[in-house]
Amino acid sequence: SSDSSSSRGALIVLEGLDRCGKTTQSSNLHKYLEGLGHSAELWRFPDRTTSVGQMISSYLSNESQLDDRAIHLLFSANRWEKRSLMESKLKSGTTIIVDRYSYSGVAFSSAKGLDFEWCKAPEKGLLAPDLVVYLDIPPEKATERGGYGGERYEQLEFQKKVRQSYQALHDASWKIVDACGSVKDIEKQLQEIVLESIGLCQKEKPLTCLWS
Ligand code: Z5A
């Protein structure tokens with residue numbers, strides 16, 4: 001039925017370069033949805049709380065070194081270890097807002113020179129988002145924002161390559177939002193797009209898998 005008590009939640013993914021505002025926006029969105037009485041959770045990848053996530057975290061902060069393919073597979077494993085929980089939450093009616101997902105996995109690893117299709121392969125079979133919002137910011141602009149430069153990938157030349165990889169990945173279903181606007185402006189745009197997506201999921205839009 002399309003009765004909201006038995007319908008599934010939406011899988012909403014926010015993507016973009018470092019410092020594009022994903023964390024700010026996903027948290028505001030979460031509060032907004034809860035305020036409307038929706039069941040909603042805020043997730044992020046990497047999920048640094050698991051043991052795989054701790055290996056990723058130490059790599060990102062330059063405390064450990066790993067082969068490019070090994071770290072790629074760890075990022076993917078970090079999503080796989082949350083897959084069944086994600087599916088059960090969605091099916092029980094909870095909307096999940098995710099700060100980074102498989103697209104980050106492919107964009108960052110392929111920016112290092114790894115083969116694009118090789119990067120996509122381990123993501124196949126993870127749940128496909130109902131909505132991908134790309135917060136678009138020129139890399140030069142991102143470097144001017146607070147907290148930039150602390151971690152491994154936070155370098156201008158690399159972020160330029162990541163942006164190109166995202167351009168190769170995106171399809172017509174992605175919503176591209178200008179991330180240079182005010183926090184409030186972006187917030188309003190996201191609210192509208194996300195409510196529409198939640199509505200479609202309540203009308204029994206099927207849950208599908210990535211890149212199969
Ligand atoms: N990575 C990967 O390689 N493979 C994978 O599979 C995955 C990730 C999942 C860590 O990710 C790294 O892992 C990341 C990709 C790679 N590397 N990089 N680069 P992360 O998500 O943990 O960390 P992050 O990307 O560095 O996110 P962040 O630092 O949390 O940035 P953000 O979420 O995009 O932005 P923010 O914290 O909301 O905002 C940044 C600052 O800008 C802050 O001071 C805000 O107050 C300010 N801000 C926000 N919005 C605005 C607007 N609209 N105007 C002006 N200022 C603003």
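Numbers here are sequence positions counted from 1. Both ligands and their constituent atoms are indexed starting at 1 by order of listing.
- Here the protein heavy atom with the shortest distance to atom 56 (N) of ligand 1 is Arg145 NE, 3.5 Å.
- Neither the backbone nor the side chain of Val162 has any atom closer than 4.0 Å to an atom of ligand 1 (non-hydrogen atoms only).
- Close approach of ligand 1 to Arg79 (heavy-atom distance below 4.0 Å) involves ligand atoms 5 (C), 6 (O), 9 (C).
- Close approach to Arg44 involves these atoms of ligand 1, each under 4.0 Å from a residue heavy atom: 20 (P), 21 (O), 22 (O), 30 (O).
- At least one heavy atom of Gly181 lies less than 4.0 angstrom from ligand 1.
- For the ring pair (Phe, Tyr, Trp, His ring centres under 6.0 Å) with His72, the lone residue among Trp118, Phe116, Tyr59 that qualifies is Trp118.
- Distances below 4.0 Å separate heavy atoms of Glu154 from the following atoms of ligand 1: 26 (O).
- Those atoms of ligand 1 with a heavy atom of Gly105 less than 4.0 angstrom away are 4 (N), 5 (C), 6 (O).
- One option in Arg100, Glu151, Glu123 has a heavy atom closer to atom 11 (O) of ligand 1 than any other, and that option is Arg100.
- Under 4.0 Å is where a charged nitrogen must lie from a carboxylate oxygen, and between Lys141 and Glu144 no such pair does.
- Heavy-atom neighbours of Lys120 NZ from other residues, nucleotides or ligands within 6.0 Å: above the threshold of 12.
- Close contacts of ligand 1 with Leu60, meaning ligand atoms under 4.0 Å from a residue heavy atom, involve 10 (C), 12 (C), 13 (O).
- At least one donor-acceptor pair under 3.5 Å links the side chain of Arg83 to the backbone N or O of Gly125.
- Asn78 contributes a side-chain N or O that, together with a main-chain N or O of Asp47, makes up a donor-acceptor pair within less than 3.5 Å.
- In this structure, the protein non-hydrogen atom closest to atom 27 (O) of ligand 1 is Lys22 NZ, 3.3 Å.
- Atom 26 (O) of ligand 1 has its closest protein heavy atom at Asp18 OD1, 2.2 Å.
- Atoms of ligand 1 found under 4.0 Å from any heavy atom of Pro46 (numbered from 1 in listed order, with element): 8 (C), 9 (C), 11 (O).
- With sequence neighbours left out, the side-chain hydrogen bond (donor to acceptor under 3.5 Å, both in side chains) criterion links Ser76 to Glu123.
- At the shortest separation from atom 5 (C) of ligand 1 among protein heavy atoms lies Phe75 CD2, 3.2 Å.
- Of the protein's heavy atoms, Arg19 NH1, 3.7 Å lies nearest to atom 40 (C) of ligand 1.
- Counting protein heavy atoms only, atom 30 (O) of ligand 1 is closest to Thr23 OG1, 2.9 Å.
- Although no hydrogens or angles enter the test, the distance criterion places a donor-acceptor pair under 3.5 Å between the side chain of Arg145 and the main chain of Cys20.
- The closest donor-acceptor contact from the side chain of Ser58 to the backbone of Glu63 lies at 3.5 Å or more, if one exists at all.
- Below 4.0 Å from some heavy atom of Thr24 lie the following atoms of ligand 1, by number and element: 36 (P), 38 (O), 39 (O), 49 (C).
- For Ser88 (side chain) and Leu85 (main-chain N/O), a donor-acceptor pair under 3.5 Å exists by modelled atom type.
- In this structure, the side chain of Gln159 engages the main chain of Tyr153 through a donor-acceptor pair within 3.5 Å.
- Ring planes of Trp174 and Tyr166: perpendicular class, angle over 60° (limits at 30 and 60°).
- Distances from atom 35 (O) of ligand 1 to the heavy atoms of Ser61, Ser102, Cys180, Gly21 put Gly21 nearest.
- Residue-level proximity to ligand 1 for Arg152 is absent, since no heavy atom of it falls below 4.0 angstrom.
- In terms of protein heavy-atom proximity, atom 18 (N) of ligand 1 is closest to Phe108 CE2, 3.4 Å.
- The aromatic rings of Phe45 and Trp43 sit perpendicular to each other, their planes meeting at more than 60°, with 30° as the lower class boundary.
- Ligand-side atoms of ligand 1 in range of Val183: 50 (N), 51 (C), 52 (C), 53 (N), range being under 4.0 angstrom from any heavy atom.
- The closest approach between a heavy atom of Arg48 and any atom of ligand 1 is below 4.0 Å.
- Here the rule is side chain to side chain donor-acceptor pair (under 3.5 Å) with Asp99, and of His30, Gln25, Lys22 only Lys22 fits it.
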